[in-house]
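These notes concern the structure reproduced below.
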Amino acid sequence: MSTDYRPMWQELGLDLEAHDALLGVLGPLYAKTFLSQPERPEGMGYFNFVMSEVHGLRIRELMDHKAQGGFVVGTFCTFVPEELVLAAGGICVGLCAGAEWSTPEVDALLPRTTCALIKGAFGFASARVCPYLAASDLVVGENTCDGKKKAWESFGRFVKDLHVMDMPQVKNATGRTLLREQYGVLLERLEKLGGRKVDSEGLEAAIATVNAKRQALARLNTLRQAVPAPISGLDALLVQQVSFYDDPVRFTASVNALCEELEDRVRQGRGVHSGTRPRLLMSGCPMAVPNWKLPAIVEEAGAIIVGEESCIGSRGLRNEVRQGAGTLPAQLDALTERYFTIDCAIFSPNPERQGHVVKMSSAQKADGVIHFSLPFCTPYQSEALRMEPELEAGGLPVLRIDTDYSPEDAGQLATRVEAFLERLEA
Ligand code: BJ8
């Protein structure tokens, strides 16, 4: 970062010393994980820049938006429609934390058996190191898994304003009605924050903006079907992670520019590696920034990741919201229609997800699947236990890995991944 953002961070109430320590870890980790990769597309330069300014320029943009009468909404789940936030005059940012930051305060609020994603969010909040959280005028939580549901009861102390969305747990008509109703309640809350009513033209424009973002990401993921793959799994994951922070229009243009470069590569038969590397699909819990541990181990071991069946991946971007619904109520119906298709493991039963893993593996020409769960994530761990033998029986090799953000198990994970790759090669 070339500009001195310390006055801005101070104004946001960050703990400057702790924040410096965080940036001191993030910068070298990013350089080690991403910049040393061979054959990186030039288009990744934009994402390098975004990451170098992720706590700087982007936060400045959020603050400028607020100064002009706008607002910022922080979210933790792909069930929160960015379309509603944009239509009400807000900017939507992801707050999921992909790093451990446990403080005595967090340990006093959360049971030990809480997943690292929730613990990380609490750690960042209590240590005052996340400028996105500090800039958020409203944080939207959701009653998805038990961990999150109970966490919101304590999380309110860290934020200016918290809105908790109730969530269906079953995919039936009652569940759909609940989600539709909750989107209506959220819209009212956002209208209050923005100080104006949302009209159907505004919501239509927001729907088009977010659909365009999903189309660009889908285009990127389709390009990963090529053999050899034109982009590494790490870089593709990074692009999908950045989608939760960046300005949606600028982001979409940058992804499309990257895709043009990748299309050229595919035409030339040029990949980041030779076509002979084992191709893997990652499936499971979302990987928030800077949780790059497992993908880095997998690609360092000689595989290439060709897809993410995750909320920071295909689960979060599959299906578009129907455009041209007309009235505001019909648009809310269209939003519900799209979001209700998300196959999160908090739903019981959730049979669509396994079908998506099979379909994606085939489309991306994956030789196997690595199922990733955060320890104590009961929804994904439970599904993994059932999916593993069923996918194996269908001829799709699976490696089931439970790991958190700590680097301690890196060696052990590398050994397991290498053994899995040997199995695939055999
Ligand atoms: S739609 S996956 S973003 S809930 S890892 S906190 S499930 S114990 S993140 Fe998620 Fe929305 Fe579902 Fe997606 Fe709980 Fe599991 Fe922790 Fe999780």
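Whatever order the structure lists them in is the order used to number ligands and atoms, beginning at 1.
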* Between Arg423 and Glu392, does at least one N-O distance fall below 4.0 Å, as a salt bridge requires? -> yes
Would you check if the side chain of [X] reaches a backbone N or O of [Y] as a donor-acceptor pair within less than 3.5 Å?
X	Y	result
Thr341	Arg338	yes
Lys171	Phe340	yes
Lys192	Leu187	no
Gln323	Ile207	no
Arg279	Gln225	yes
Asn143	Met167	no

* **Ser52 and Asn48: CA distance, side-chain angles, deciding distance, side chain to side chain contact (heavy atoms under 4.5 Å, CB included) verdict** => CA-CA 6 Å; Ser52 71; Asn48 284 342; over 6 Å; no
Using a 4.0 Å cut-off to any heavy atom of [X], which atoms of ligand 1 qualify?
X	value
Pro286	9 (S)
Arg315	2 (S)
Phe79	1 (S)
Cys77	1 (S), 3 (S), 4 (S), 11 (Fe)
Cys311	1 (S), 2 (S), 3 (S), 13 (Fe)
Thr144	4 (S)

* Does atom NZ of Lys160 have more than 12 heavy-atom neighbours from other groups under 6.0 Å away? ->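 Yes, NZ of Lys160 has more than 12 neighbouring heavy atoms, counting only those of other groups under 6.0 Å.
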* Asked: Is atom 15 (Fe) of ligand 1 less than 4.0 angstrom from some protein heavy atom?
  -> yes
* **Option passing side-chain contact (heavy atoms from CB on, under 4.5 Å) with Val139 (candidates Tyr132, Phe158, Phe155)** =>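 When side-chain contact (heavy atoms from CB on, under 4.5 Å) is applied between Val139 and each of Tyr132, Phe158, Phe155, only Phe155 qualifies.
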* Asked: If you draw a sphere of radius 2.8 Å around atom 16 (Fe) of ligand 1, how many protein N/O/S atoms end up strictly inside it?
  -> 1
* Option with minimal heavy-atom separation from atom 12 (Fe) of ligand 1, where the choices are Cys344, Ala345, Gly120 -> Cys344
* To do: Mind checking whether Cys96 contacts ligand 1 via backbone (N, CA, C, O), side chain (CB onward), both or neither, at a 4.0 Å heavy-atom cut-off?
  =>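 Cys96 to ligand 1: no contact under 4.0 Å from either part.
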